[in-house]
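Computation of the quantities below employed the complete heavy-atom set of this structure, encompassing side-chain atoms and omitting hydrogens, waters and symmetry-equivalent molecules.
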Amino acid sequence: MAREFMDDDMMRWEAYVSGGQPDGPKAARIYFLSLDAPLARARYVLHESRSVATAERELRAMSDDDLRELLQASVLND
């Protein structure tokens, strides 16, 4: 499940949850991809639950303001 939203600069982003081993270093990351700059590196935040199901459920319930805040807190994908 992916969500689209716009940041404060009117750039379009897609947010989605990616798995990984529970409690592993890549568990339940919320990734952000720029739809307006497709060659830009993805960004991510680690969901505190470290559970893909919980992160997806919460992503569906987040407002665009919540997504913009997470995007601000995100780091470049390694």
Side-chain angles (χ1 to χ4, degrees):
M1 202 268 332
R3 292 269 316 272
E4 286 188 25
F5 67 101
M6 290 185 118
D7 67 14
D8 294 333
D9 296 323
M10 304 302 287
M11 290 194 63
R12 294 177 309 128
W13 292 85
E14 180 179 64
Y16 68 93
V17 176
S18 181
Q21 293 298 320
D23 296 320
K26 295 185 178 182
R29 286 182 175 183
I30 298 175
Y31 281 91
F32 298 94
L33 297 175
S34 173
L35 298 174
D36 292 325
L39 298 179
R41 285 177 52 195
R43 302 185 66 83
Y44 74 91
V45 292
L46 183 62
H47 192 268
E48 69 272 358
S49 72
R50 303 184 70 81
S51 163
V52 171
T54 301
E56 285 182 340
R57 190 170 37 255
E58 289 186 14
L59 179 63
R60 277 193 300 268
M62 287 180 189
S63 68
D64 286 357
D65 286 336
D66 294 334
L67 289 170
R68 282 189 281 275
E69 285 181 28
L70 280 181
L71 177 61
Q72 295 259 332
S74 68
V75 296
L76 287 173
N77 189 33
D78 36 31

Checklist line | Shared hydrophobic cluster, Phe32 / Val75 (ILVMFWY, side-chain heavy atoms < 4.5 Å) | finding: no
Note to self: Taking Leu76 as the starting point, is it possible to reach Leu46 by hopping between hydrophobic residues whose side chains are less than 4.5 Å apart?
What the structure shows: no
Note to self: Between the side chains of Asp36 and Arg12, is the shortest nitrogen-to-carboxylate-oxygen separation below 4.0 Å, so that they form an ion pair?
What the structure shows: yes
Next item on the list: Assess whether side chain to side chain contact (heavy atoms under 4.5 Å, CB included) is satisfied between Met1 and Leu59, documenting all intermediate values.
Entry: CA-CA 9 Å; Met1 202 268 332; Leu59 179 63; 3.9 Å; yes
Check: Side chain of Arg3, backbone of Met62: donor and acceptor closer than 3.5 Å?
Finding: yes
Note to self: Looking at every heavy atom in both Arg50 and Ala27, which two are closest together, and how far apart are they?
What the structure shows: O-CB, 3.9 Å
Note to self: Evaluate Arg43 against Gln72 for side chain to side chain contact (heavy atoms under 4.5 Å, CB included), listing each step before the verdict.
What the structure shows: CA-CA 10 Å; Arg43 302 185 66 83; Gln72 295 259 332; over 6 Å; no
Checklist line | More than 12 heavy atoms of other groups within 6.0 Å of Met10 CE | finding: no
Notebook entry, point to check: Quick one: OG on Ser18 to CD1 on Ile30, what's the gap to the nearest 0.5 Å?
Noted result: 11.0 Å
Checklist line | Euclidean distance, Asp7 CG relative to Arg68 CZ, rounded to 0.5 Å | finding: 8.0 Å
Checklist line | Any donor-acceptor N/O pair, Asp9 side chain to Met11 backbone, under 3.5 Å | finding: no
Check: Is atom CD of Glu14 surrounded by more than 12 heavy atoms (other residues, nucleotides or ligands) closer than 6.0 Å?
Finding: yes
Next item on the list: State whether Asp78 and Arg29 are salt-bridged, where the test is any N-O pair (Lys NZ or Arg NE/NH1/NH2 against Asp/Glu carboxylate O) under 4.0 Å.
Entry: yes
Next item on the list: Indicate if Val45 and Leu71 have the same hydrophobic cluster label, given that clusters are the connected sets of ILVMFWY residues with side-chain heavy-atom separations under 4.5 angstrom.
Entry: yes
Next item on the list: Please report the closest heavy-atom contact between Ala55 and Ala28, naming both atoms and the distance.
Entry: CB-CB, 4.3 Å
Check: Is it true that Val17 and Trp13 fall in one hydrophobic cluster, defined by side-chain heavy atoms closer than 4.5 Å?
Finding: yes
Item checked: Non-hydrogen atoms of Leu67 and Ala15 that approach each other most closely -> CD2-CB, 4.2 Å
Item checked: same_hphob_cluster(Tyr31, Leu70) at 4.5 Å side-chain heavy-atom cutoff -> no
Item checked: Rounded distance (nearest 0.5 Å) linking atom OG of Ser51 with atom CD of Glu56 -> 9.0 Å
